[in-house]
Amino acid sequence: MKTTNVILAKTAGFCVGVKRALELVLKAINENQTKIYTYGPLIHNPQVLELLQERGITVLQPGGQVPDGLVVIRAHGIPPKEQGDLEAGGARIIDATCPRVAKVQAIIRRAAERGASTIIVGDADHPEVEGLMGHTQARGFVVARAQEVAALPELAEVIVVAQTTQSKAHFADLVERIKARFPQTQVHNTICDATASRQGEVMELARQVEALVVVGGRNSGNTQRLVEISRASGVPTYHVETEQELDLEEMSRYRTVGVTAGASTPHWLISNVVGTLKHARALRPGSWTHYLYRAWRFFLKSNIYVAIGAGSLSYTSSLLQDVEPRFSYFFVAFFYVYAMHLLNHFTDKASKLNDPVQSMFYGRHRRFLLVTGALSALLALALGLYLGWEAFAFVLFMSTLGLVYNLKIIPEGIAAVTHIYTLKEIPGSKTVFTAVAWGVLAALIPVVCDQTPEITYSTAIAFFFVAGMIFIRSGLFEVLAMEGDRVVGKETLAIALGKPRTLNLLAAASLIFGAILVLAAWLDIIPTLGYALGLCGLYALGYLTIYRRGLMDSGLLLESLVEGNMVVAGILAFLWDPFHTIF
Ligand code: SF4
């Protein structure tokens, strides 16, 4: 399959100031029961703003009525008078002004105290510039164009600063003109290095690629600046907010495409654009690979693939316990996992951030997925009933757990102390619950429903095999979803441990997983199939390494690879199967 060479700018995505502001807001949400406001929109990204709104954050319009609660000052900063009004009105302030913006404010304040005027090179209606103007003691001027320099009044002592996201070339040009008018001008190049290196990288990228894609909000000033710089270099430039806006027909003309993003663009949006661009040539509308891709995407995004994986694990763990596999065991796991994945998606607010492609897919096929999801849940229960009361009880218990996972069921006394109201708020709970649920469904049901049920050490190993596979798989998916999960307040293992430690833990778990299966086979606790299944540990280590080395960032291919481990286990088991009775 022909792929497009995509070069991603190292500086693409959240800058430290935006990251810090977002983290301060999320921390405030987690620690406070009171109403929280941001003074103006926190970040120029509509998807993130929408989720913050769902978490109860209200955007306060500058100059509006002072609310009772916490007010977060965003990274751009605000004029001191407005901050004073907020404080006088009784609002509690969390100051998320970027330290680099605060430094510019301090330069202006010092100049104003000694009576100097300040010329700010920037956009007069940008919130950062409005904030800076507030520190000039009414001796400030904003210039965005050369003509505005000529229109300045006569000034005695002058300093020049830049809005932190200005382009270097534009600033240099205006400084030259300002100096020509006011030779004693003191120049402070306050363009943030995050901005400068982002812009420098765009120019560098433009020399290496045939086209450049800039990802970011249309109302984001620094994103627009990147677009302007890229266009000025003469390379075809496309500004998109999401990968859905890419014209695949057009993008398929290029063999090498560069991607950069504004300071308020989340990583997940950038990854989706990169993933789509890589396959733009192969996915050109009308090509056979386009139809193949769409078919595979349906298979994966509808959860049929992961449900087959669940059935495969059930089949494999039957063999590990010397239990004759049956279609009914396979389908209990299949239907349960299919139904629970759908339920989980429809109740998961982060998924529209973490996986917009999946979200759109769910939106398009909503009715089909809801109907088949409900039918699957009923079929899993009916099959459980058919297999016996133990299987029915397992399915019912696990389904109930899945349903109450998001509900406030923690007793008030405990919740008041721990601030944990639902099971999902327990750090790392999702990874552990998912692993246990799959272990029960795929490993325990076959053995308790066997004609001669015999719980032995092999049951413990089969349970460990299923839960281990799922723990590693879910752990990596949580790493991929960290940014979005953080915004919606999910307490996943990856968020609790951080990305590097989670990946180390998963890599160690993969090795231990493989070693235990081989050891158990060697000790005769499980059949010789255990030797082959040790490969699944290496397979998991393989996809973790691929991800770590940046060979696959996210997207359909990585997802297919990760879910494929379960199917590989099923194939290995099928090749080994002494019963061969399932088919
Ligand atoms: S671009 Fe620079 S100055 Fe502006 S918020 Fe980001 S880090 Fe701070």
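Both ligands and their constituent atoms are indexed starting at 1 by order of listing. We're numbering straight along the sequence, starting at 1.
Side-chain contact annotation: Y39 with E82, donor-acceptor N/O pair under 3.5 Å present. At a cut-off of 3.5 Å, with distance as the only test, no side-chain donor of K103 or T190 sits close to an acceptor on the other residue. Inspection of the E128 and T164 side chains reveals an N or O donor paired with an N or O acceptor under 3.5 Å. Using modelled atom types, one finds no donor on one side chain facing an acceptor on the other under 3.5 Å when comparing S167 with Q199.
Annotation: the span from T165 atom OG1 to D123 atom CG amounts to 7.5 Å, rounded to 0.5 Å.
The protein heavy atom nearest to atom 2 (Fe) of ligand 1 is C192 SG, 2.4 Å. Closest protein heavy atom to atom 6 (Fe) of ligand 1: C15 SG, 2.3 Å. Regarding atom 1 (S) of ligand 1, its nearest protein heavy-atom neighbour is T195 OG1, 3.6 Å. Ranking protein heavy atoms by distance to atom 7 (S) of ligand 1, first place goes to G17 N, 3.5 Å. Shortest contact from atom 4 (Fe) of ligand 1 to any protein heavy atom: T164 OG1, 3.6 Å.
Ionic pairing of R145 and E148 is present here: one or more N-O contacts between side-chain nitrogen and carboxylate oxygen are shorter than 4.0 angstrom.
Shown in contact with V16 at under 4.0 Å from a heavy atom are these atoms of ligand 1, numbered in order with element: 7 (S).
Of the heavy atoms in C98, only side-chain atoms (C-beta onward) come closer than 4.0 Å to ligand 1.
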